[in-house]
J.: 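Attaching a single structure in structure tokens format; questions to follow.
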Number of protein chains: 2
Amino acid sequence: MTKAKQQRTLETRARLVAAAQAVIEDVGYEGLRVDQVVKGAGVAKGTFFAHFRDKDALMDQLIGARIDAHLDQLEALPEPQTVVEIVEALLPMMRYMTCERYVFDVILRYSGAAAVAEIGPIANTFGRHAQVIEPWFVHGNFRTDIKPDLISEGVMAFAIQAMSLMFCALHNETDLRARLTLYLDAWLQPRTVS
Amino acid sequence: MTKAKQQRTLETRARLVAAAQAVIEDVGYEGLRVDQVVKGAGVAKGTFFAHFRDKDALMDQLIGARIDAHLDQLEALPEPQTVVEIVEALLPMMRYMTCERYVFDVILRYSGAAAVAEIGPIANTFGRHAQVIEPWFVHGNFRTDIKPDLISEGVMAFAIQAMSLMFCALHNETDLRARLTLYLDAWLQPRTVS
DNA sequence: CTCTAAAATTGACCGCGGTCAGTTTATGGA
DNA sequence: TCCATAAACTGACCGCGGTCAATTTTAGAG
């Protein structure tokens, strides 16, 4: 975890990130080209790859930061007490995650890190997401037959499923909110083993 | 849906597919290069793209065919009666889907088709998968408070979640079988609303 | 201030997926 | 059999992500 980077390094990296955000601003994530970013930052192409392992690593960082901001919002919220409240709480982040097919693909690809040493921003947000929503199920009006962390994992699995189906022609007659509500009703309703 | 292709076309396409399978045989899906495939098939590069929209379309076809073969196995099986039996039934297909990180990424990317006209082999297998397992929940010993098709969707969501976590360093202490069993116990156990 | 080793930066170059104007081959009617 | 038209095929070429040996800049010891 030692950094000890030069001032110049930090400035260059900041310029690259700023340039990337500007490019995304007008052509979207999918339309981003590394050549455009380095041109905007006023550096050579090689410099980009000295700062980011590859183009996806930049995306990981930018998208991860946006997701983190949404998680901050979630934490600031009062704990939702019903399925409808949970869905409303999660929707803004889910809409961002599905703003572009490309963005959702990157998120899926990076949500699991291949090695502990490689845990990136998006992978971290998934761990944090589970932590942020877990308390909702400790004192809420939801099922109590399984542990809160397992409930959390299930909520995330259904959120991903609902988002995936947004890009699917076979299922898009139902919108994101309705689909997630359907899933979470079935997953969260308090029940007793019969 | 009119075909009316020439004999030559079918032969060329078959040679491309055969060459691709041979390449995958010794370098894996991820290592496949279009140049190698066309060299093996004895055609020019342009011919490849006359037969497949892009490299991913070939992957879609090859991987989709393998998944379909697994679904054939599933259909031939007697209906599983317990969570453990369901997990055992699904495991072979899930192991194939996670044989390479690249393969799993392709599957996720193609599992939803952007437009009805573009529904490819993998997207079709997802629809078929839901149909194949749905009967298991009509007469089984599982929850009856929600409809079988919703149970199906949940099973698939958890299967994907379990597979995703296989590539995640944060969670790989639990293996695929154990994780899916944990999820499906929580999802499928018969319950009554309290 | 000077010198040196490490860090940061450069840009020509490469690999590979994908394109398309031009060429060859098949088809079916005269 | 010959010709016209469409279908299939070709390969030089392009865009873009990514590499690396060479060069410039910085830090800090003397």
Side-chain angles (χ1 to χ4, degrees), chain A residues 1-20 23-24 26-63 100-103 105-106 109-110 118 120, chain B residues 1-20 23-24 26-63 100-103 105-106 109-110 118 120:
Chain A
M1 284 293 130
T2 54
K3 284 293 175 66
K5 294 297 172 81
Q6 297 184 4
Q7 181 66 20
R8 182 174 52 149
T9 307
L10 299 175
E11 285 167 2
T12 302
R13 194 184 177 91
R15 283 217 314 283
L16 282 168
V17 169
V23 170
I24 290 166
D26 67 86
V27 297
Y29 289 89
E30 172 131 46
L32 181 141
R33 297 287 170 269
V34 172
D35 280 318
Q36 277 299 309
V37 174
V38 298
K39 192 176 158 193
V43 298
K45 206 172 187 178
T47 301
F48 179 95
F49 292 98
H51 286 265
F52 301 96
R53 183 205 304 270
D54 51 28
K55 181 178 153 176
D56 279 355
L58 169 68
M59 292 299 181
D60 188 18
Q61 174 142 330
L62 294 178
I63 295 172
E100 284 182 40
R101 172 79 224 209
Y102 172 76
V103 169
D105 284 342
V106 171
R109 193 141 27 86
Y110 276 75
E118 297 168 8
Chain B
M1 281 298 127
T2 54
K3 283 295 176 63
K5 295 298 174 79
Q6 297 183 3
Q7 181 66 22
R8 183 174 51 151
T9 307
L10 300 175
E11 285 166 2
T12 302
R13 194 185 176 90
R15 283 218 311 284
L16 283 168
V17 169
V23 170
I24 290 167
D26 67 86
V27 297
Y29 289 89
E30 170 130 47
L32 181 141
R33 296 288 170 269
V34 173
D35 281 317
Q36 276 299 307
V37 174
V38 298
K39 191 177 158 194
V43 298
K45 206 172 185 178
T47 302
F48 178 94
F49 293 99
H51 287 266
F52 301 96
R53 182 207 304 270
D54 50 27
K55 180 179 155 178
D56 279 355
L58 169 69
M59 291 300 181
D60 188 18
Q61 173 141 333
L62 293 177
I63 295 170
E100 284 182 37
R101 172 78 224 210
Y102 172 76
V103 169
D105 284 341
V106 171
R109 193 144 25 88
Y110 276 75
E118 297 169 5

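Numbered from 1 within each chain, the chains take letters A, B, ... in sequence-line order. All values below were derived from every heavy atom in this structure, side-chain atoms included, with hydrogens, water molecules and symmetry-related copies excluded.
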J.: Expressed in angstrom and rounded to an integer, what is the separation of A:L16 atom CG from C:dT10 atom P?
T.: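 So the two atoms are 10 Å apart, to the nearest Å.
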J.: Within the distance-only criterion (no hydrogens, no angle test), does the side chain of B:E30 pair as donor or acceptor with the backbone N or O of B:E100 below 3.5 angstrom?
T.: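 It does not hold such a pair.
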J.: Report yes if a side-chain nitrogen or oxygen of B:H51 is closer than 4.0 Å to either non-bridging phosphate oxygen (OP1 or OP2) of D:dC9; otherwise report no.
T.: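 Checking B:H51 against D:dC9: at least one side-chain N or O falls below 4.0 Å of OP1 or OP2.
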J.: When the distance from NZ of A:K39 to C1' of C:dG11 is rounded to whole Å, what number comes out?
T.: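 In whole Å, C:dG11 C1' lies 16 Å from A:K39 NZ.
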J.: Expressed in angstrom and rounded to an integer, what is the separation of A:E30 atom CD from D:dG15 atom C1'?
T.: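 From A:E30 CD to D:dG15 C1': 15 Å.
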J.: Send over the distance from B:F48 CZ to C:dG18 P, rounded to a whole Å.
T.: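 Result: 8 Å.
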J.: Could you tell me how far apart B:R53 (CZ) and C:dT19 (C1') are, to the nearest whole angstrom?
T.: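 Roughly 15 Å, once rounded to whole Å.
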J.: For the side chain of B:V43, counting heavy atoms from C-beta on, which of D:dG11, D:dT10, D:dT25 is nearest?
T.: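 Taking heavy atoms from C-beta onward, the closest nucleotide is D:dT10.
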J.: Are the side chain of A:R13 and the backbone of A:H51 linked by a donor-acceptor contact shorter than 3.5 Å?
T.: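 Yes, because the side chain of A:R13 sits within donor-acceptor range (under 3.5 Å) of the backbone of A:H51.
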J.: Between D:dG11, C:dG11, D:dG18, spot the one nearest the side chain of A:F49, thanks.
T.: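 Ranking D:dG11, C:dG11, D:dG18 by closest atom to the A:F49 side chain puts D:dG18 first.
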J.: Taking the side chain of A:R8 as heavy atoms from C-beta outward, which of D:dA8, D:dT26, D:dG18 is closest to it?
T.: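 Closest of the options to the side chain of A:R8: D:dT26.
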J.: Among the nucleotides D:dC9, D:dG18, C:dC16, which one has an atom lying closest to any side-chain atom of B:D35?
T.: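 Comparing D:dC9, D:dG18, C:dC16 against the side chain of B:D35, the answer is C:dC16.
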J.: Check every atom of C:dT9, D:dG17, D:dC9 against the side chain of A:K55 and return the nucleotide holding the closest atom.
T.: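 Closest nucleotide to the A:K55 side chain: D:dG17.
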J.: Answer with base, sugar-phosphate or nothing: what part of the nucleic acid does B:L58 contact at a heavy-atom distance below 4.0 Å?
T.: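 No contact.
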J.: Nearest nucleotide by nearest heavy atom, which residue falls closer to the 5' end of DNA chain C, A:A44 or B:L32?
T.: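 Per heavy-atom nearest nucleotide, the more 5' residue is A:A44.
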J.: In whole Å, I'd like the distance from the CG atom of A:D54 to the P atom of D:dT19.
T.: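 These atoms are roughly 8 Å apart.
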J.: What does B:L10 touch in the nucleic acid at a heavy-atom separation under 4.0 angstrom: a base, only the sugar-phosphate, or nothing?
T.: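 Counting heavy atoms under 4.0 Å across all strands, no contact is made by B:L10.
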J.: Quick one: which of C:dG17, D:dG17, D:dT10 gets closest to the side chain of B:V34?
T.: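 Of the candidates, C:dG17 comes closest.
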J.: Heavy atoms from C-beta onward define the side chain here; which of C:dG17, D:dG18, D:dA8 lies closest to that of B:R33?
T.: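 Closest nucleotide among those given: C:dG17.
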J.: In plain terms, say whether A:D35 and A:K39 are close enough for a salt bridge, that is, a side-chain N and a carboxylate O under 4.0 Å apart.
T.: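 Not counted as a salt bridge, because no side-chain N and carboxylate O are separated by less than 4.0 Å.
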J.: Any side-chain N or O of B:T9 below 4.0 angstrom from OP1/OP2 of D:dA7?
T.: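 For D:dA7, OP1/OP2 do not have a side-chain N/O of B:T9 under 4.0 Å.
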J.: Atom CZ of B:F52 and atom P of D:dC9: how far apart are they, to the nearest Å?
T.: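 For the pair B:F52 CZ and D:dC9 P, the rounded distance is 12 Å.
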J.: Please confirm whether the shortest side-chain N or O distance from A:T12 to OP1 or OP2 of C:dA8 is below 4.0 Å.
T.: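 Looking at the OP1 and OP2 atoms of C:dA8, neither is under 4.0 Å from any side-chain N or O of A:T12.
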J.: Treating B:R101 as the side-chain partner and A:R109 as the backbone partner, does any N or O pair qualify as donor plus acceptor under 3.5 Å?
T.: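 Side chain of B:R101 to backbone of A:R109, a donor-acceptor pair under 3.5 Å: yes, one is there.
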J.: How would you label the contact of B:T47 with the nucleic acid (heavy atoms, under 4.0 Å): base, sugar-phosphate, or nothing?
T.: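 Base: the residue B:T47, judged by heavy atoms under 4.0 Å, touches a nucleobase.
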J.: Nearest to the A:K45 side chain among C:dG18, D:dG17, D:dG11, which nucleotide is it?
T.: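 Of C:dG18, D:dG17, D:dG11, D:dG17 is nearest to the side chain of A:K45.
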J.: What is the distance from CZ of A:R15 to P of C:dA8, rounded to the nearest Å?
T.: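 Going from A:R15 (CZ) to C:dA8 (P), I get 14 Å.
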J.: Assess whether side chain to side chain contact (heavy atoms under 4.5 Å, CB included) is satisfied between B:V37 and B:K55, documenting all intermediate values.
T.: CA-CA 10 Å; B:V37 174; B:K55 180 179 155 178; over 6 Å; no
J.: As a quick check of understanding, evaluate side chain to side chain contact (heavy atoms under 4.5 Å, CB included) for A:Y102 and A:M59, giving each step before the final call.
T.: CA-CA 10 Å; A:Y102 172 76; A:M59 292 299 181; 3.6 Å; yes
